[in-house]
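Comments concern the structure below.
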Amino acid sequence: MNRRFSLLVVLLLLLLQAGFVEAQISYKPTGFVNDFAGVIDPDSARMMEQIAQAIEEKTGAQVAVVTVDSIAPYATIEDFSVDLAQSWGIGRKGKDDGVLIVLAMKERKVRIEVGYGLEGAIPDSVAGRILDEQILPALRQQKWGTGLLQGMIGVGTRIAQEHGIDPRELMIPASQISSRSSRTQEGIDLGPLIFILIFLFIGGGRFFWPLLFLGAFHPRRGRFGGGFGSGGFGGGGFGGGSFGGFGGGSFGGGGSSRGF
Amino acid sequence: MDKRKTNLLIGLAILILVFGGYGIFSVSVKNDLVRLDESVSAAWSEIDNQLKRRADLIPNLVATVKGYASHEEEVLTRIADARSRLAGARTVEEKAEGYNELQSALSRLLVVVENYPALKANENFTRLMDELAGTENRIAVARKRYNDYVREFNTRIRTFPGSLFAGSMGFSPRPYFEIDSASREAPQVKF
């Protein structure tokens, strides 16, 4: 009886960890490029990740891209973007050098959200120009990945100029990128670790080893911990590499939007 | 030691503990109130800066529009007037009113501009409209944050234990920034 009960508890906790019980909308960052709507082609996605990494390494600024099917339940893309950017904390804390590009498919809106620290490099009118000249033309041809990539290049160029760096340094060839994967570190994900402790309590050690192999140790993108995401069990990142998160930058609503 | 002396010492110790405890307690509560008050003020500065920035964009906008739509006197005058009103506003309520007036004057302008495609295509105009939209968005964000702080502050000074000290510290409820734009509530989305 006791054994079956503890088995049930294990299963339940595993399910919770995996997020099956989550009913509400949940957006968690998976990297610089977050294609929740599934519209970005792999080549563009890869290039954007590379460029974003280069931007971060050379300037410290963090540029993220998000696509969503719909911004619902938010009413405007402005509200959605600033809340998302602020919540994820894109950009470095204190420096607030984050930029978020959002593409909302259903509402047909695109926005460049600029953090406090970059409002000098990318004022609203410049954000508008990047949208008009670099992003919109591709979007009108339904080339979502290309448009966003052009947008990131536009943003990256302005940031590089602000730091006195030649923007071309951001466009590194792919061959050099693979060697940079040493950035990911081995780290301990706290979520599964807590479960292990619980199981030790319940099962008397019998479940320890299988769980250890399941995913307590896996590569993370730079940051320690952060396994809880927002609230409770949802953010454990069970199995597979997970993104360490952004730097805690702040946003004030700067940027520009367009419909397409 | 005789019993009286012990009792006296105990009594003294209790008094010290009570007063000391109250001292620590009151300092902590007072500090919280001060911190909140400062947060409200800082959040207000953010709104104020954006209001000023918005007003500063207006003359350029008026000049650009005049170049294409010189006959639209009424709209342009309304905007200029609204801008002056906003510049002269001092209190939170006055600034909110000034903002609302400017808003309605600007939305009139947007309607009028539809009749002048050349103006809409003008690069300077596009830039100005982006900047104006930017200040509008920033005011909306700043307003939500300001009002959140005000709510927290007002609640704290009216409930225990803040209410004990609010009066002596000169703290009274601060005004919300009430403008006409739709209230920006954060829906239930987990980021």
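Proteins get letters first, then strands, A, B, ... in listed order; numbering begins at 1 in each.
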Is atom CZ of B/R78 surrounded by more than 12 heavy atoms (other residues, nucleotides or ligands) closer than 6.0 Å?
yes
What I want to find out is whether A/E119 reaches B/R138 closely enough, with some N-O distance under 4.0 Å, to be called a salt bridge.
yes
Counting only heavy atoms not in A/K109, do more than 12 fall under 6.0 Å of its NZ?
no
Checking side-chain contact (heavy atoms from CB on, under 4.5 Å) for the pair A/D132/B/T126: CA distance, chi angles, key distance, verdict?
CA-CA 10 Å; A/D132 287 334; B/T126 314; 4.2 Å; yes
Decide if atom CZ of B/R53 counts as having more than 12 heavy atoms of other residues, nucleotides or ligands within a radius under 6.0 Å.
yes
Greatest number of non-hydrogen atom pairs under 4.5 angstrom with chain A, of B/R127, B/E123, B/E131, falls to B/E131
How long is the gap from OG on A/S257 to CG on B/N137, to the nearest 0.5 Å?
7.0 Å
May I ask you to decide whether B/D130 forms a salt bridge with A/R129, counting only side-chain N to carboxylate O separations under 4.0 Å?
no
Answer yes or no: does atom CZ of B/F177 have more than 12 heavy-atom neighbours from other residues, nucleotides or ligands under 6.0 Å?
yes
Any chance you could measure B/L132, atom CG, to A/D124, atom CG, to the nearest 0.5 Å?
9.5 Å
Go through A/V114, A/V126, A/L84 and name the one with the most non-hydrogen pairs under 4.5 angstrom from chain B.
A/L84
Restricting to non-hydrogen atoms, name the atom on B/E46 and the atom on A/Y116 that form the minimum distance, rounded to 0.1 Å.
OE2-CE2, 4.1 Å
